[in-house]
2 protein chains.
Amino acid sequence: MGGKGAKKTGGSVKAPGGKKVAADKAQKPQNIQDLARIAGVSAATVSRALAGTGNISAATREKIRSLAREYDFRPSNTARNLRMGRTGTIGVIVPLGHEKTQHFSDPFFMRLLALIADRIAERGYDLLLSKVVPHDPEWLSRQVDSGRVDGMIIIGQSNQSDVINSVARYYDPLVVWGAALAEQIYCSVGSDNRLGGRMATEHLLSLGCRKLAFFGDPSVPEIEQRLEGFRDALRDKGKGAVGTNLPVHFVPEQALEDISGFLDMADKVDGIFATSDTIAMTALQALLDRRRAVPKDVKVIGFDDLEIARRTVPALSSIRQDLEAGADALVELLFRKIAGESVDSVMLKPQIVARGSTTCD
Amino acid sequence: MGGKGAKKTGGSVKAPGGKKVAADKAQKPQNIQDLARIAGVSAATVSRALAGTGNISAATREKIRSLAREYDFRPSNTARNLRMGRTGTIGVIVPLGHEKTQHFSDPFFMRLLALIADRIAERGYDLLLSKVVPHDPEWLSRQVDSGRVDGMIIIGQSNQSDVINSVARYYDPLVVWGAALAEQIYCSVGSDNRLGGRMATEHLLSLGCRKLAFFGDPSVPEIEQRLEGFRDALRDKGKGAVGTNLPVHFVPEQALEDISGFLDMADKVDGIFATSDTIAMTALQALLDRRRAVPKDVKVIGFDDLEIARRTVPALSSIRQDLEAGADALVELLFRKIAGESVDSVMLKPQIVARGSTTCD
DNA sequence: AAGGGTAGCGCAATCGATTGCAAAGTCGAA
DNA sequence: TTCGACTTTGCAATCGATTGCGCTACCCTT
C-alpha cells in the first residue's frame, strides 16, 4: 500500500497540470473520491468504510475513518439520498381542524414539535414542517403524493380521522399523535385520554366537588375520550354529583366568551375540568372576573401540564402527558415503519399533578 | 381550454374511462425520462419546459407542462439538488445561552418558528431544526461546515454574538433574529428594542408610576437594549421617578424566586416593566401572592404580546413585536443572500398594547 | 438559390454516493 | 507447489435532473 500505485493515469485523475494545489496533500476532500485518493483506495472502499457495510478489512476501515475524522469529511446526503431512492426528509404536519394560527402557536404543539425535531435530527433526517387547514379531503394525499418525504408524522388527527384512514390504506409510513380510535387503521401514539379524564374527575370528586363542568369540544377525538372518562368517574364515584359539558372553542377569545356565558348562569359549579391548560387558564380568568375564589369556591384542573400551568395564579393542577416518551415513540415507530416493520400503536399513561387550583396549601 | 386537444392519447385530462390506466399505456411517469417518452421529446426538453429555462417553444413548453399536470408529475428534488450543488434545506437554529429546554418551548419561539417554517416551505425548501447549547465556540461552525444546509437562520444571538461574527466572516448565507449590535458584521432582523423599552417605560410613567423596576437579564443583547430604552425614558420623562434593574432568569422557577425575593424588599415599587410576557406573568403571580393589587398598587407591562398576554388576570399590557413581518424579512433576506445579493439588516417598529395590567377599565 | 442567422431541441457529461459483480490477493491444506 | 475457498478491493452502472455544446431546420436576405 505504500507506493500509491498510480497505474495509468500517473496520478492525474484531475487537474494533472498541478495547478489548483501544489502539494498533493490538497485541501479538505470535497467528496468520497477525494478521500479515496488520499487514502489510496477506491471510492467504493471509502463508501463501505464510512457506512460500515459490506466486507472490508478492519484495518482499512479504521484508516479511512480516521482520515475522514482528520479532514472533518462527511459524505453528501443528497447524493446518498438520490442513490438510495429516498428523500431524507420527514414531514411533520399539523392539521388545524377549524381554527387558524392560534392553534399552532399553542405551547403544547411547540413542545411536542421541538422534541420530535430533536429525535429526527439525531437520525440525520430533515424536517418538513407544514400546517394545513383541511379545506378539502385531498389535503393529506397531496402532501403524501408530493414525494418530498419518506414518512409523515401528523400531530393531532383533529376531525380528520377518515381522511387519514383513507390515505393510510395505501401509504404506510405514517404515524399520528392523538387519540386511539376504534376504527382507525393507522398507527397512533397518545395518552390514555379516558383514563386521564377519569383521574382528573376523581380528583375533583375526592375534594368534595359535586357540581362538575367539563370544558372542551368533544368533536375532537381526544377530548371526547376525556369526556368519557369524566362520565365514567361520575358514574362510579359520583354518588349524587352532577356533571355537564361545555364545548369550548380552541380560539382563546371565543373560549373566554363561551366560558363567561356559562359561568354567569351556572353559579353552582364547584369543579371544572378543562381539557387543556390554556382553556383552564381562561377559566381561571373568567372565575376571577366574577370573584369566585379558586380553589375555595371552585376547583379547576387542566390537561397537558405545560410550563404555563406552573405560572398561573393560583398554579394549575393538571393531567400531565409524557410528551418526551410520546416524541420518542412517534419517531421510533415511524422509522420502524419506513424499514418495513409493522408496528402497534402506543398509549401513554397520564399522571396527575395537583397544585393550588384544586388544593389549598 | 375548451377542446382539451388530446392528440395521441385520446384520453382526457384525467380518468377517461373508469380506470385512469388502461387507456394510456404506462402509469404515472416516475421521472423526467418517462415524461419525455410520453411527450415524445428528450429529457432535456422536459427539464427546460418544467423549469422554464433555456430556449424552448411556447408550444412544447405548454404541452409538457399540461402533461405534467395531468399525471401530477413533479421532478425529483433530490436529483435537482445534487445536480445544482445545493441541499434544498435551510437550517433554523436556536442557541440556548445557558438555559435548557424551557427556553425552546417558550411560546415566543414557537410562533416565530411556525411563521418561518411557512415561508420556507413556500419556497420549496426543507427545514432543519436544531437547538444547540453552546458549550464551546465551535457550535456554529460545526453546523455550517456540516454542509447540510444552504443557509441558516439563527433565532436569538443570545450571548453568542462573537461566535456568530467569526462564522459570518467566511459564511455568508446567515441571518439572525435579535438585536442589532454595533459590532456585528452579520445581517439581523429584530424589533427596535430600545424604542420598545422607552415606550413601555413612558407608558408606566404617564400613568403615574414613580418607582419602576425593570425585570430582565441585560446580558442578553436584546434585553440590554430594552434596558437602555428604560433609562432613556426615565432620564427624559422621569422627573423624580426612580428605576432599578432586576436581572431575572429565563427559567420560570428561578424567575419566580428572583422576583419574589425582590418584591419582598422593594415594597414601594409601583411599576414593573418585564422584558417578556412570560416574566410578566410570573411577576403577576408573585404580586398576587403578596396581595399587591394590579393595576391599582402596581402596574405591569410585558414584552412580545403573545397569545398568553390576553389570558392572564388581569390581561397583560405589552409591547408587541411584529413577528409576521420579522419572519418575512428573515426568509426574504436569507434567500437574497443565497442568491449572492448583499442585504441590510432590518429593524421593526414595536407597538404598545395597553390592557388591564396597567389601565383600570 | 446560396449563405447567414437563429430558434428549438437532443446528446452526453455531470453532480456524489452506493452496490452487484468480478478480479485480485491471502491462507491453508493436499 | 498447486488448488480451492474465502476475503478485500476495484470497476462501472445507477439514481434523476441539469446544462454546455452542437446539430437541424426554417426564415430572411441578397
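Here the structure is a predicted model, which means the values were calculated and not measured.
- Applying the ring pair (Phe, Tyr, Trp, His ring centres under 6.0 Å) rule to B:Y171 yields no partners; only residues at least two apart in sequence or on another chain are considered.
- Under the rule for a salt bridge (charged side-chain N to carboxylate O under 4.0 Å, His left out), A:R83 has no partner lying at least two apart in sequence or in another chain.
- Residues passing the salt bridge (charged side-chain N to carboxylate O under 4.0 Å, His left out) test with A:D150, sequence neighbours excluded: none.
- Residue pairs meeting the ring-ring contact (aromatic ring centres under 6.0 Å, His included) criterion with at least one member in residues 39-64 of chain B: none, sequence neighbours excluded.
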ask   = In the 5'-to-3' direction, what one-character label does each nucleotide of nucleotides 12-20 of chain D receive under the scheme B = base within less than 4.0 Å of a protein heavy atom, S = sugar-phosphate only, - = no such atom?
value = -BBBBBBBB
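- Ion pair B:D126/A:R148 flagged as a salt bridge, since at least one NZ, NE, NH1 or NH2 atom sits closer than 4.0 Å to an Asp/Glu carboxylate oxygen.
- The end-to-end axis angle of the helix from C:dA1-D:dT30 to C:dA30-D:dT1, rounded to 10 degrees and based on five pairs per end, is 60°.
- A:E324 pairs by the salt bridge (charged side-chain N to carboxylate O under 4.0 Å, His left out) definition with A:R111, not counting sequence neighbours.
- Residues that satisfy the side chain to side chain contact (heavy atoms under 4.5 Å, CB included) test with A:L82, not counting sequence neighbours, are B:T78, B:A79, B:L82.
- Take A:R336 and apply the salt bridge (charged side-chain N to carboxylate O under 4.0 Å, His left out) test, not counting sequence neighbours, and it matches A:E332, A:E341.
- Counting only residues at least two apart or in different chains, side-chain hydrogen bond (donor to acceptor under 3.5 Å, both in side chains) contacts with residues 44-53 of chain A comprise A:S42-A:T45.
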Anything under 3.5 Å between a protein N or O and an N or O of nucleotides 4-8 of chain C, put it in a table, one pair a line.
none

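- Annotation: side chain to side chain contact (heavy atoms under 4.5 Å, CB included) contacts of A:D162 (sequence neighbours excluded): none.
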